[in-house]
Amino acid sequence: LLKLDNNSKQRLLYGNWDYDDDPSRLFDFDKLNNIFNKKELANAPPIMFISADVARFGSDKSVVIVWRNMHIIKIYVGEKQGTDITKNAIMNFANIHYVPINHIVIDEDGVGGGIVDQIKGVTGFVNNSRAYEVLKEQKILRHNFANLKTQCYVKLSELVNEGQIGCDEMDIKIKNAIVEDLQQIKIKDIDKDGKLTIIPKEDIKENLGRSPDFGDALMMRMLFEVKPKSSGFLFGGANKR
């Protein structure tokens, strides 16, 4: 059974079944579940990526996701382990799946910063850094995001809701955790003017009873979709299945 957060339990307890009617929620519940039924495009050129949310000893998990295009082919979960073990896991997956170093993104805000320093060429993800401008038809459009994390979560929600994100079969506990994490992502003060920002991580952790490690690892993959392609990322030839 899907674990419910405290707010969801309250809704069910008092007969409020409009669980998905919150307009501030970014992800559609049914579309989230479609991720696990999405088949990979057979003829798509394989472009490999890794996104990693790193924890150390404690309650949070280290989550490393291997992607082929927009398809998840491997999720590694490490609990209460040193960053050296997580670093080795990342590099092992990069070698096995032929992931270019500059197609690896690791959170840099916490202990992940140490891994970013050790693996030259990887991209560090800073949640509160400035969002990227959008280049469309040779015109730069001003963004409306308070930070990079919000921009990437919004991009992830667009692709999920459009049915572009898929994954191979996985453990039901990981599947449930992904759905739980992404169901908690909401726009803060949606009725107010100003730049968009998601609700604080502290609120999400309180609702879940844990850190949204799976959601954050998925979200960081979107850096390669929102960052201008002319910035020197390597696409194509170095990737193999």
Side-chain angles (χ1 to χ4, degrees), residues 35 40 44-129 132 148-149 152-153 155-156 159 165-171 173-175 177-178 181 210-229 231-241:
I35 291 174
E40 188 174 8
I47 304 177
M48 307 300 295
F49 299 89
I50 288 176
S51 56
D53 185 60
V54 179
R56 202 170 183 179
F57 301 102
S59 58
D60 294 352
K61 297 178 175 63
S62 290
V63 177
V64 180
I65 302 179
V66 182
W67 302 74
R68 187 161 52 238
N69 303 318
M70 290 296 173
H71 200 83
I72 299 164
I73 63 172
K74 177 72 177 179
I75 296 183
Y76 165 85
V77 181
E79 297 189 61
K80 299 181 180 180
Q81 64 184 32
T83 55
D84 57 330
I85 297 177
T86 305
K87 172 194 169 184
N88 290 338
I90 292 171
M91 294 310 300
N92 284 339
F93 288 129
N95 291 331
I96 292 170
H97 297 285
Y98 299 95
V99 184
I101 289 294
N102 60 350
H103 279 196
I104 301 174
V105 58
I106 304 169
D107 70 290
E108 195 171 0
D109 285 335
V111 296
I115 298 180
V116 172
D117 291 340
Q118 294 175 47
I119 309 176
K120 186 174 295 185
V122 301
T123 300
F125 191 100
V126 179
N127 290 288
N128 205 37
S129 59
Y132 288 101
L148 180 60
K149 182 176 183 178
C152 287
Y153 259 122
K155 184 64 177 178
L156 178 62
L159 296 183
I165 305 292
C167 73
D168 291 345
E169 293 184 11
M170 65 174 58
D171 185 281
K173 292 181 180 179
I174 294 179
K175 172 184 174 180
I178 290 172
D181 284 8
R210 57 176 176 78
S211 180
D213 304 309
F214 293 94
D216 284 351
L218 287 162
M219 171 272 297
M220 285 188 285
R221 162 69 177 88
M222 297 300 107
L223 175 69
F224 300 106
E225 305 308 307
V226 302
K227 189 168 185 175
K229 297 298 189 291
S231 58
F233 284 102
L234 175 64
F235 288 89
N239 293 288
K240 302 177 183 178
R241 179 160 181 170

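Everything quoted here is computed from the prediction, not taken from an experiment.
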Ionic contact status for Arg210 with Asp181, cut-off 4.0 Å: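 Yes, Asp181 and Arg210 are salt-bridged.
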How long is the gap from [atom1] on [X] to [atom2] on [Y], to the nearest 0.5 Å?
X: Asn92; Y: Ile85; atom1: CG; atom2: CD1; answer: 12.0 Å
X: Thr83; Y: Asn88; atom1: OG1; atom2: CG; answer: 9.5 Å
X: Lys87; Y: Ser62; atom1: NZ; atom2: OG; answer: 14.5 Å
X: Thr86; Y: Ile115; atom1: OG1; atom2: CD1; answer: 5.0 Å

Stepwise side chain to side chain contact (heavy atoms under 4.5 Å, CB included) check, Ile178 with Ile75: CA-CA 11 Å; Ile178 290 172; Ile75 296 183; 3.9 Å; yes
Heavy-atom donor-acceptor pair, Asp107 side chain to Val54 backbone, under 3.5 Å: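 Yes, the answer is positive, given that a donor and an acceptor are paired below the 3.5 Å cut-off.
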Donor-acceptor pair, side chain of Ser51 and main chain of Leu218, under 3.5 angstrom: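 Such a contact is absent between Ser51 side chain and Leu218 backbone.
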Closest non-hydrogen atom pair between [X] and [Y], with its separation:
X: Tyr153; Y: Asp216; value: OH-OD1, 2.7 Å
X: Met170; Y: Lys175; value: SD-N, 3.9 Å
X: Asn69; Y: Arg221; value: O-NH2, 2.9 Å
X: Ile50; Y: Ala94; value: CD1-N, 3.7 Å
X: Met219; Y: Phe125; value: SD-CZ, 3.5 Å
X: Pro46; Y: Arg68; value: CB-CD, 3.7 Å

Ile73 vs Met48, side chain to side chain contact (heavy atoms under 4.5 Å, CB included): CA-CA, chis, key distance, verdict: CA-CA 10 Å; Ile73 63 172; Met48 307 300 295; 3.6 Å; yes
Parallel, tilted or perpendicular: rings of His103 and Phe49 (30°, 60°):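 Parallel, since the angle between the ring planes stays under 30°.
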Is any side-chain heavy atom of [Y] closer than 4.5 Å to one of [X]?
X: Trp67; Y: Ile165; value: yes
X: Thr123; Y: Met220; value: no
X: Phe224; Y: Val105; value: yes
X: Asp168; Y: His71; value: yes

Leu148 vs Val126, side chain to side chain contact (heavy atoms under 4.5 Å, CB included): CA-CA, chis, key distance, verdict: CA-CA 8 Å; Leu148 180 60; Val126 179; over 6 Å; no
Evaluation steps, side chain to side chain contact (heavy atoms under 4.5 Å, CB included), between Met222 and Met70: CA-CA 10 Å; Met222 297 300 107; Met70 290 296 173; 4.1 Å; yes
Partners passing side chain to side chain contact (heavy atoms under 4.5 Å, CB included) against Ile101 (at least two apart in sequence or in another chain):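 Partners of Ile101 by the side chain to side chain contact (heavy atoms under 4.5 Å, CB included) criterion, ordered by chain and then number, come out as Met91, Ile104, Ile119, Val122.
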